[in-house]
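To start, the structure under review is shown below, and the notes come after it.
For the numbers below, each heavy atom of this structure counts, side chains included, while hydrogens, waters and symmetry mates do not.
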Amino acid sequence: MVRANGAVSLRELARVVQTSEVTVRRDVRALEAEGLLDRRHGGAVLPGGFTRESGFPQKSHLATAEKTAIADLAAGFVEEGEAIVVGAGTTTQELARRLARVPGLTVVTNSLLVAQALAHANRVEVVMTGGTLRGSNYALVGSGAEQSLQGLRVSKAFLSGSGLTAERGLSTSNMLSASVDRALVQAAAEVVVLADHSKLGTDTMFQTVPTDVITRLVTDEPPAHDDRAATELQALADQGVQIAVTGASGGATTTGPGGPGASGNDAVPARQQRRDVPLPGPRRQVPGAAAGLRSATALGEQNAGAERARVADLRRR
């Protein structure tokens with residue numbers, strides 16, 4: 001099944017062979033030990049991640065719950081009336097479905113799936129790039145797409161990819177897709193990467209966004225046994241990337257300023273309760289939400305003291 005489709009989910013495997021996911025997971029682990037496939041969260045893909053990229057039908061069945069939670073959290077970083085760019089991918093497609101609720105938004109994209117998700121949003125304007133259609137991921141690529149992005153300037157770029165490491169940043173397996181993603185990044189003041197934990201520590205062939213250009217990573221919480229993903233998260237934080245993590249229960253943990261919901265819009269579901277938890281290690285010195293709260297409290301106390309002094313002076317007169 002993996003050879004025929006490029007990737008397969010554990011749930012689908014269990015259904016086809018009529019056994020439990022526990023049994024399938026054990027067998028997949030044995031096949032990986034023989035070098036016949038590579039395990040991914042929730043499924044398996046053909047080996048050789050540096051050169052092979054799964055198509056949309058295969059990607060859409062992998063880590064679906066994680067992608068949904070990441071999209072919920074990422075939507076909270078988009079403000080009413082903003083202009084943004086959104087790249088191609090199954091996670092960005094999930095994000096687009098939530099952006100349909102943000103009024104006054106302008107979205108520039110090279111993804112037919114993103115455009116389709118926003119097609120019926122009354123208060124969202126969609127601008128598509130030119131280019132040649134790449135059928136495997138329904139994205140417009142090539143010189144036409146890149147030229148249409150020249151001279152463009154937006155507030156944020158939301159991108160996904162095939163792998164993310166602290167050493168090389170975001171990467172993908174396709175040269176044309178990587179080139180367009182780089183053009184999208186050039187148009188944005190901030191770069192937000194959406195990547196589930198299975199992509200952390202994975203390096204693929206073409207670099208799209210170097211680590212020092214990534215403003216924020218939105219991801220899900222790695223399982224307790226996944227040391228590689230946890231180590232990669234720490235290394236990214238040490239290099240100044242702001243990390244926003246959504247847990248299995250729907251809660252959110254963020255580092256850096258302006259966590260989920262900070263923009264004041266209601267794009268993030270109410271079930272996501274924000275907590276600011278700084279990761280250790282050197283990072284960019286930017287005031288966080290907690291620091292802003294302390295500043296506001298101090299300012300309130302200062303104003304109250306001034307008012308008391310004014311009243312006392314009036315009484316003396």
Leu217/Leu233 under side chain to side chain contact (heavy atoms under 4.5 Å, CB included): CA gap, chis, key distance, verdict: CA-CA 9 Å; Leu217 165 65; Leu233 268 182; 3.7 Å; yes
For the [atom1] atom of [X] and the [atom2] atom of [Y], what is their distance to the nearest 0.5 Å?
X      : Y      : atom1 : atom2 : value
Thr68  : Leu73  : OG1   : CG    : 12.5 Å
Thr202 : His197 : OG1   : NE2   : 10.0 Å
Leu10  : Asp27  : CG    : CG    : 10.5 Å
Arg97  : Gln116 : CZ    : CD    : 8.0 Å
Glu66  : Glu221 : CD    : CD    : 11.5 Å
Thr231 : Leu200 : OG1   : CG    : 10.5 Å

Checking [X] side chain against [Y] main chain: does a donor-acceptor pair fall under 3.5 Å?
X      : Y      : result
Gln207 : Arg168 : yes
Ser148 : Ala145 : yes
Thr215 : Val192 : no
Thr219 : Ala195 : yes
Glu190 : Ser155 : no

Would you mind reporting whether [Y] and [X] have side-chain heavy atoms less than 4.5 Å apart?
X      : Y      : answer
Arg11  : Glu21  : yes
Val193 : Arg216 : no
Leu159 : Thr208 : no
Ser162 : Met205 : no
Phe206 : Asp181 : no
Val191 : Leu170 : no
Glu82  : Leu105 : yes
Leu149 : Asn110 : no

Shortest non-hydrogen contact from [X] to [Y]?
X      : Y      : value
Val114 : Thr92  : CG2-O, 4.0 Å
Val124 : Val102 : CG2-O, 3.5 Å
Ala44  : Val28  : CB-CG1, 4.1 Å
Ile70  : Leu194 : CG2-CB, 4.0 Å
Thr204 : Ser171 : OG1-OG, 2.6 Å
Arg153 : Ala188 : NH1-O, 3.4 Å

Partner residues of Ala187 under the side chain to side chain contact (heavy atoms under 4.5 Å, CB included) criterion, sequence neighbours left out: Leu152
Arg98/Asp72 ion pair, N-O < 4.0 Å: yes
Lys/Arg N to Asp/Glu carboxylate O, Arg29 vs Glu32, below 4.0 Å: no
Side chain to side chain contact (heavy atoms under 4.5 Å, CB included) between Ile84 and Val108, intermediate numbers included: CA-CA 6 Å; Ile84 63 173; Val108 181; over 6 Å; no
Ser160 and Lys199 side chains, donor-acceptor separation under 3.5 Å: yes
Side-chain H-bond candidate by donor/acceptor type, Gln93 with Ser111, under 3.5 Å: no
Chi angles and distances behind the side chain to side chain donor-acceptor pair (under 3.5 Å) call for Thr172, Asn174: CA-CA 6 Å; Thr172 187; Asn174 182 266; over 6 Å; no
Sole residue of Thr91, Asp220, Thr90 in side chain to side chain donor-acceptor pair (under 3.5 Å) with Lys67: Thr90
Check against side chain to side chain contact (heavy atoms under 4.5 Å, CB included), Thr211 and Glu167: CA-CA 7 Å; Thr211 305; Glu167 181 181 358; over 6 Å; no
same_hphob_cluster(Val22, Val24) at 4.5 Å side-chain heavy-atom cutoff: no
Derivation and outcome, side chain to side chain contact (heavy atoms under 4.5 Å, CB included), residues Val141 and Ser179: CA-CA 8 Å; Val141 297; Ser179 187; over 6 Å; no
